[in-house]
Every structure is written in structure tokens, then in C-alpha cells.
**Q** 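Here it is, the structure in full.
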Amino acid sequence: RLLCSRAEVDSYKLRGGFLAESDWPKLTRAAGVLSESPIFIDDSPVLTVLEMRAKARRLKKEKGLGLLVVDYLQLVRSGHRMESREREIAEISRGLKALAKELHVPVVALSQLNRGLENRQDKRPMLSDLRESGCLTGDTLITNAKTGEQVSIQQLAERDRQTPFPVFAVDENYRVRPYHLVKAFSSGKKKVFLLKTRSGRKIRASANHPFLRIDGWKPLDQLQPRDAIALPREMAPLQPEKFLSDNELILLAHLLGDGCILPNRPYHYTSGDWENVETVQKAAKKLFGIEGRVVMQKNWWHLYLPSPYHLTHNVRHPITNWYRKLGIDPVHSWKKRIPRNLMQAPQEDIALFLRHLWATDGNFSWKLLRGRKKAGYIYYASSSEILACQVQHLLLMLGIHATLREVPSAKGYRCMYHLYVEGAEEQLKFCERVGIAGCRRVLVPEVIAALQEIKQNKNVDVIPARAWKTVIEPAKERMGIGWREFSQRLGMSYCGSTLFKHGISRARMVRVARALPNDETLLHLAHSDIFWDKIHSITELGMEEVYDATVEGAHNFAANDIIVHNSLEQDSDVVMFIYRDEMYNSESPEQGKAEILVSKQRNGPTGKVNLAFLAKYTRFDNLAKGADEYLPPPGADAVYEGESDEAAPF
């Protein structure tokens, strides 16, 4: 290729041995030039950055070095084990940049693109095609680790300035900590899939977007139902703010639950619990001076909330003005949602709000099963999916895990969404941190006492069974012991492969860590901030605009309360792509033309440069000035109108 490119001889003729007599002098001259050129090729397989550094330093010392070309980046290895290939590629690119600075020479690395561009109408490559992670739909919510505010990834991408945004992410010890999202960006349109977990959480992502499994980051197209992926156990903001008074929290909770706040209708509240009616009546009086009027109907009370002043044009009900201030609208029950400001409230405010919300459409009663001890039956019901999801998120901010289930209703009626708090451990946390208002609050201490007597069944909040093979077995082998000795150290009988079929409770993982003290990962897993939730379903959707982000340090973040991988920012100073339309369109009018797309340049402009590509010479040449649309005829030499034979090759 070097000979043919320099001599301008058809490479097909050279490979086939059909050279013309006029080609030999050209090849001879080119060979003479190349033999004297300081070009060194090292074709050692699977080099590491450390090995390249050693060879490059020796070459610079002995021969001098002006440019280093790596062909290609994906074949390089970092030299030590990484949790994902994405992290490894990022470390390699950082190593090459450090090498360039050390040797004071430019380093050019060729890279393979992902296949996402093949699904786009415009095949021109973009920066996102260099990244090995996938993308999320624009409505994906990301929680601000400092304030608790929830912002969509599309909003983050469309900011005028990409300032650091604090997010929750998982570190190498499985701890959920704050990190900085430094950039969010659009990745074009891709086919997306809906992933739904057993706890009812949903996220829409592209096929190659990685999720955290116990054996590392796995793209969506490699996941299956029943695989366990990582969710944060708790996401409490670092600096919450009190936006609402206690009376506002109480009134808002009751009106969102059992209130009828609709345009052109009398505002009223309905409840079968007289304590709730009195609570709402007092809060409305104190906040807005409303004199509530109670009307009894069978076993229900209707509390009407008339305006304390006359309503005319542009004079609205005080509750209407309050709703507008909170950023919510007077809507029907299936469209209700919680104000965004409440997500930024302190934990005690969230608990107060949930306590009174549960007193409306929440259930707090006994669950009686034959042959089993009494337990709590705790769930919240709503016809608004977004409201139910928000309540689930608020519970997570208090460290309470809840499961959201869609409950089909009778024909002609809307679906209901039930949010269950299940298991003795989670129910105890709910009773102690939230509870319920109204007359049912007397049940709380009784349920707590009953739950404390129950031997907890650890069959949901467990470390996936895959950990036996991917984490525990390697640690055991490093200690040089067999499974029988390992079982003896655990104080249990050897049970063969049966052991590998079941998940591992946190308490058992602590015992495993003590039996294998050479591996700290086991102890980190036992005390992790991760809840391993199983995938319920993965459904293919259509094409949609998608987005990704870059998080410094952790390279992951919590999105829709699920841990997802992020895209890795390119460490290079300049990123260029070669695009030839004829590769995708055989009838392209730009045959023989190549576009060099400068997509990133730290200290200069970005843009496009047009070149001519001479396939038979495997060579790029400058286009003649004003001849961007020139199409070389078949068999033409590399001479362009208005340009000499000495056109410099790219």
C-alpha cells in the first residue's frame, strides 16, 4: 500500500503481478524514497500501553521520533483487569495522551466505530459513535445528589452551558456516593427497548446501553428476564431545603389523595375518617382562611372548601394560586402528580407528606395467613402511574424499597397502580420512618411488635446466585481450598452444586467474607448500597431520540432509580472521522470523494474538509480549488484540474 500510494501504481496490478513496463520506474523511485524514510512498524500482537511506552522511548532515543500511530485502539490492552471494556478503553486513551505529552510527539489512534450509525438515515459518524456505551431516552430522570431535584437527561443535554451536575453513582466498593456529571449530549436516533424490573421500575434504552450485573457491566441486548441488575438502596440528597410548611405538606397530601380540585367544580375533600376531615379543615383554615363546610353522606364526609373571598375575572381560588405556585395543575385523579419541589425536601418532610398521603388511598392493615404469624399489609393505590412512581421514589429517599404493580380494572375502567411495601424488614422501616395518619395510626405500634417477632425471610433482598461462580469461586481458588473445606469454614454441610442455585443473603455473605478473608470484594458486597432487582421484561420499541452523559470518576449514574453506565468522554485533543458516501450509497453522486469531519478540537475550530479518495492507490489527495464536486473518470491519474502533479497526499 505504501509503495502503490507513493508511486501511484494500481495496487490490484501489483498484487496480481500484471504490472506495465512504465510502472517499474515509479515503483523503484518510491521504494528508494521509502527505504530512506524513518518509518518503523511494530506488528506485535496485543500490546499494552506500558509496552508501547517502552518501545517508543527506546525508538526516540535511538532513531528519533516525530509521530506515533496506533492501529487500532480496540486491540490495545490496559495490562490489568478492568470492570468493563469501556473503562479499559478510557484508561488506554488516557495512557496514550500521557505518552504524547511525555515524548512531545503527536499520537494518532485509529478506532473502530460502533454500529449505531447504520440505523441512521445520515450515516456521517458522530462523537457518540466512538463510545462503547449506549443511550437513554430524553424523559429519563436523573436525581440531583445535592438537592434531590429530578431532571430529565434531555434537559441536561439542552442546557446553554454544560456545568457539573451532582448525581448518585456506584463506586468500586459498591457504595452509592455523589459524583459529577460533566456533560450530557444527544446521540441521535436509535432503536430503544423498554426494560422493566420486578419492583416495577422502568427505563427505555438502546440495545448497547450497559447495566450493572454482579459479573460486571452488560449491554441491554445481553440481558434476559430474571437477570439481576443494580438499583440504589437509598438516595438521600446532601443539602435538602424546606420549601413547604408542615400544614402545606399535610394539606397537599390529602388533596392529592382524596381531594377533588377541578376547574368549574366546587373544591372539596372526601374521607371516611373523621380525623382526616378535621386535619384538612384546620390546615385549610390556617393556610388560606377557608371556612370548610362538612356534609355527611352515608359513611363518608364531604368537606367543601369555598374561597374566603369573592371570585371574579382574574381573581382565583387561593388553592388554585397555591397549586400554580407548586407547579401542578387541578386535574383528574389519573393525571395527578407530586410537585417537583417535594423531591428536594428533608427526610422528615417527606415522611410527614407520605404519612398523610397514606391516610387517603393507602392501606395499612393486618395480613392474616393460615399457619403464619400476623404481618402487615401495606400498600398505596392510585390511578395515576406517575404519582405512584413518585411515591416509590420518595420511599427510596427514605431507604424503603417498594414494589409497583399494575392492577387491571374491570372493563371500561382505568388501570390501578398498587405500590406494595413487603417483607418484615421493609415494613418495619416503613412503620418506624413513615407510619400512617388518621384513626389507623393506632395500628402502627401493634404492627411493629408483630413484625419484630417474625423471622425474616431473605428471598428478595439477596445477592444474585451468579456471585457463587463469578466472585466467590475465584476468591476460593486464590486461597487454594476446595468446596468441601469452604463449606466447613461456613459451618454447613457440603451440598454440591445445589449451593449455586440460590441467592446469597447479606448475612451469609458476611460469613463467606470471613471464610475467605483474602478478598475484600466479598465484604463490600455484603455491606453494599446496592439492591439487586430482577428483570421482569424487555420489550422492543421504535426509533427515538436518545441521550447519554459523562460522569467523572465512577462512569455510571442513577437514572429512573436504576444504575446505568455512562458514555466515556474522549481524552483526545482532536477527533476526526473519514466519511465516504459511496460506501453506503452505490449511486452516490460523490464517487471518489471523502469527507474529513473534524468533530472535536480543544484548541481550534471543528468542521469539514473535502478530499479525493483514489481507491486503486489507497490514497487521499487534495481536491483542486473550486473543484469539490470533481469525479475522477475511470482510469484517470491523480491529476486534478488547476493543480499540478505534485498534489500532496493526505
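For clarity, every value in this text was computed on a predicted model and none was experimentally measured. Atoms considered below: every heavy atom in the structure, side chains included; atoms not considered: hydrogens, waters and symmetry mates.
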**Q** Quick one: do Phe165 and Arg159 satisfy side chain to side chain contact (heavy atoms under 4.5 Å, CB included)? Show the steps, please.
**A** CA-CA 11 Å; Phe165 182 86; Arg159 293 177 297 171; 4.1 Å; yes
**Q** Okay, side chain of Asn556, backbone of Ala554: is any donor-acceptor separation there less than 3.5 Å?
**A**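 Such a contact is found between Asn556 side chain and Ala554 backbone.
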**Q** Please examine the side chains of Val76 and Met52, heavy atoms only from C-beta on, and report whether any two atoms are closer than 4.5 Å.
**A**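 Of all side-chain heavy-atom pairs linking Val76 with Met52, at least one is under 4.5 Å.
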**Q** For the pair Thr197 (side chain) and Asp533 (backbone), establish whether a donor and an acceptor sit closer than 3.5 Å, ignoring hydrogens and angles.
**A**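 A pair under 3.5 Å: no.
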**Q** Can you tell which of Ile229, Leu195, Leu396 makes a side-chain contact (heavy atoms from CB on, under 4.5 Å) with Arg201?
**A**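 Between Arg201 and the candidates, side-chain contact (heavy atoms from CB on, under 4.5 Å) is satisfied uniquely by Leu396.
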**Q** Can you check whether Glu102's main-chain N or O pairs, donor with acceptor, with Arg53's side chain at less than 3.5 Å?
**A**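 The answer is no, because no donor-acceptor pair under 3.5 Å joins these two groups.
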**Q** So, do Pro237 and Asn144 sit near enough that their side-chain heavy atoms are less than 4.5 Å apart?
**A**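 Pro237 vs Asn144: side chains apart.
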**Q** How close do Gln427 and Leu451 get, counting heavy atoms only, and between which atoms?
**A**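 So the two residues come closest at OE1-CD2, 3.3 Å.
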**Q** Under the criterion salt bridge (Lys or Arg N to Asp or Glu O under 4.0 Å), I'd like the reasoning laid out for Arg213 against Asp227: C-alpha separation, chi angles, the key distance, then a yes or no.
**A** CA-CA 8 Å; Arg213 211 166 63 176; Asp227 280 350; 3.2 Å; yes
**Q** Please report whether the ring centroid of Tyr379 lies less than 6.0 Å from that of His418.
**A**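 His418 vs Tyr379: aromatic centres under 6.0 Å.
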**Q** Please check if the number of heavy atoms outside Lys218 that lie under 6.0 Å from its NZ is greater than 12.
**A**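 Yes - once you tally the heavy atoms of other residues, nucleotides and ligands closer than 6.0 Å, there are more than 12.
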**Q** Does Glu348 have more than 12 heavy atoms from other residues, nucleotides or ligands lying within 6.0 Å of its CD?
**A**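 Atom CD in Glu348 is packed in, count exceeds 12.
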**Q** Just so I know, are the side chains of Leu223 and Ile538 near enough to count as touching, which here means a heavy-atom distance under 4.5 Å?
**A**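 In contact.
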**Q** Using the side-chain contact (heavy atoms from CB on, under 4.5 Å) definition, which of the options Val49, Leu50, Leu68 pairs with Leu99?
**A**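 Answer to the side-chain contact (heavy atoms from CB on, under 4.5 Å) test with Leu99 among Val49, Leu50, Leu68: Leu68.
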**Q** Tell me the closest heavy-atom pair linking Thr143 and Gly148, and the distance in Å.
**A**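 Taking every non-hydrogen atom into account, CG2-O, 3.8 Å.
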**Q** Start with the C-alpha gap between Glu446 and Lys374, add the side-chain angles, then the distance that decides, and say whether side chain to side chain contact (heavy atoms under 4.5 Å, CB included) holds.
**A** CA-CA 10 Å; Glu446 299 175 19; Lys374 289 197 305 182; 5.9 Å; no
**Q** Measuring from Leu141:CG to Met343:CE, what's the distance to the nearest 0.5 Å?
**A**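 Result: 9.0 Å between the selected atoms.
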**Q** Atom CD1 in Ile378, atom SG in Cys431: separation rounded to 0.5 Å?
**A**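 Here the interatomic distance stands at 4.5 Å.
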**Q** Do side-chain atoms of Gln392 reach the backbone of Ala402 as a donor and acceptor pair under 3.5 angstrom?
**A**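 Confirmed, Gln392 side chain pairs with Ala402 backbone.
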**Q** Could you check if a side-chain atom of Trp483 sits within less than 4.5 angstrom of a side-chain atom of Glu473, using non-hydrogen atoms only?
**A**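 A side-chain contact under 4.5 Å exists here.
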**Q** Step by step, work out the side chain to side chain contact (heavy atoms under 4.5 Å, CB included) result for Tyr377 and Leu368.
**A** CA-CA 9 Å; Tyr377 191 37; Leu368 304 175; over 6 Å; no
**Q** Does the His209 side chain pair with the main chain of Cys135, one donor and one acceptor, at a distance under 3.5 Å?
**A**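 Checking the backbone N and O of Cys135 against the side chain of His209, a donor-acceptor pair under 3.5 Å is found.
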**Q** Cation-pi between Lys469 and Phe500: NZ/CZ under 6.0 Å from ring centre and within 45° of the ring axis?
**A**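 Yes.
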**Q** Can you tell me if Asp461 and His401 form a side-chain donor-acceptor pair at under 3.5 Å?
**A**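 Asp461 vs His401: no donor-acceptor pair found between side chains.
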**Q** Quick one: are the ring centres of Tyr380 and Trp358 less than 6.0 Å apart?
**A**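 Yes, ring centres under 6.0 Å apart.
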**Q** Taking atom CZ of Arg511 as the centre, does the number of heavy atoms from other residues, nucleotides or ligands within less than 6.0 Å exceed 12?
**A**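 Yes, the 6.0 Å shell around CZ holds more than 12 heavy atoms from other groups.
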**Q** For Arg484, is the CZ atom crowded, meaning more than 12 foreign heavy atoms sit under 6.0 Å from it?
**A**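 No - once you tally the heavy atoms of other residues, nucleotides and ligands closer than 6.0 Å, there are 12 at most.
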**Q** How far apart are the C-alpha atoms of Arg175 and His524, what are their side-chain angles, what is the distance that settles it, and do they pass the side chain to side chain contact (heavy atoms under 4.5 Å, CB included) test?
**A** CA-CA 8 Å; Arg175 292 290 185 183; His524 294 325; over 6 Å; no
**Q** Tell me whether Arg514 at atom CZ has more than 12 heavy atoms from other residues, nucleotides or ligands lying less than 6.0 Å away.
**A**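 It does not: Arg514 CZ has 12 such atoms or fewer within range.
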**Q** How long is the span from the CD atom in Glu51 to the CG atom in Asp42, to the nearest 0.5 Å?
**A**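 Here the interatomic distance stands at 9.5 Å.
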**Q** About how many Å separate CG of Leu220 and CZ of Arg204, when rounded to the nearest 0.5 Å?
**A**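 CG of Leu220 is found 13.0 Å from CZ of Arg204.
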**Q** With a 4.5 Å heavy-atom cut-off, do Val512 and Phe486 have their side chains touching?
**A**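 Counting from C-beta outward, Val512 and Phe486 do come under 4.5 Å.
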**Q** Could you tell me whether the side chain of His180 and the main chain of Val551 form a donor-acceptor pair under 3.5 Å?
**A**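 Judged by distance alone, no pair lies under 3.5 Å.
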**Q** Test your reading of the model: is there a side-chain donor-acceptor pair from Asp529 to the backbone of Pro232, 3.5 Å cut-off?
**A**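 Answer holds: no.
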**Q** Closer than 3.5 angstrom, by distance alone: can the side chain of Glu385 be matched with the main-chain N or O of Tyr417 as a donor-acceptor pair?
**A**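 Judged by distance alone, no pair lies under 3.5 Å.
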**Q** Could you check whether Arg405 makes a cation-pi contact with Tyr420, meaning its NZ or CZ is under 6.0 Å from the centre of the six-membered ring and within 45° of the ring axis?
**A**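 Yes, Arg405 sits over the ring of Tyr420.
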**Q** Using only heavy-atom distances, determine whether the side chains of Ser44 and Lys55 contain a donor-acceptor pair under 3.5 Å.
**A**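 Checked: Ser44/Lys55 side chains pair up, N/O donor to acceptor below 3.5 Å.
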**Q** In the structure I gave you, are the side-chain heavy atoms of Asp221 and Phe193 within less than 4.5 Å of one another anywhere?
**A**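 Asp221 vs Phe193: side chains apart.
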**Q** Around atom CD of Gln222, are there more than 12 heavy atoms of other residues, nucleotides or ligands at under 6.0 Å?
**A**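 Counting neighbours around CD of Gln222, more than 12 heavy atoms of other residues, nucleotides or ligands fall under 6.0 Å, so yes.
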**Q** Determine whether a donor-acceptor pair (N or O, by modelled atom type, separation under 3.5 Å) exists between the side chain of Lys476 and the backbone of Ile481.
**A**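 Indeed, once roles are kept as given, a pair shorter than 3.5 Å links the two residues.
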**Q** Would you give the length of the straight line joining atom CG of Asn363 to atom CD1 of Ile436, rounded to the nearest 0.5 angstrom?
**A**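 Rounded to the nearest 0.5 Å, the CG-CD1 separation comes out at 7.5 Å.
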**Q** Does the pair Gln344 and Gln239 meet the rule for a side chain to side chain donor-acceptor pair (under 3.5 Å), with working shown?
**A** CA-CA 8 Å; Gln344 307 174 53; Gln239 297 177 10; over 6 Å; no
**Q** Could you tell me if the side chain of Asp139 sits less than 4.5 Å from the side chain of Asn560, heavy atoms only?
**A**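 In short, these two side chains do not touch, never coming nearer than 4.5 Å.
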**Q** Do the non-hydrogen side-chain atoms of Ile535 and Arg198 ever get within less than 4.5 Å of each other?
**A**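 Not in contact.
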**Q** First locate atom CZ of Phe211, then atom CH2 of Trp217, and finally report the distance between them rounded to the nearest 0.5 Å.
**A**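 Spacing of CZ (Phe211) from CH2 (Trp217) equals 9.0 Å.
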**Q** Going by an N to O cut-off under 4.0 Å, is there a salt bridge joining Arg489 and Glu485?
**A**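 Counted as a salt bridge, because a side-chain N and a carboxylate O are separated by less than 4.0 Å.
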**Q** Which heavy atom in His565 sits nearest to a heavy atom in Asp548, and how many Å separate them?
**A**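 It is O-OD1, 4.4 Å.
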**Q** Using modelled atom types only, decide if a donor and an acceptor are shared between the side chain of Gln390 and the backbone of Ile338 within a distance under 3.5 Å.
**A**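 Checking the backbone N and O of Ile338 against the side chain of Gln390, a donor-acceptor pair under 3.5 Å is found.
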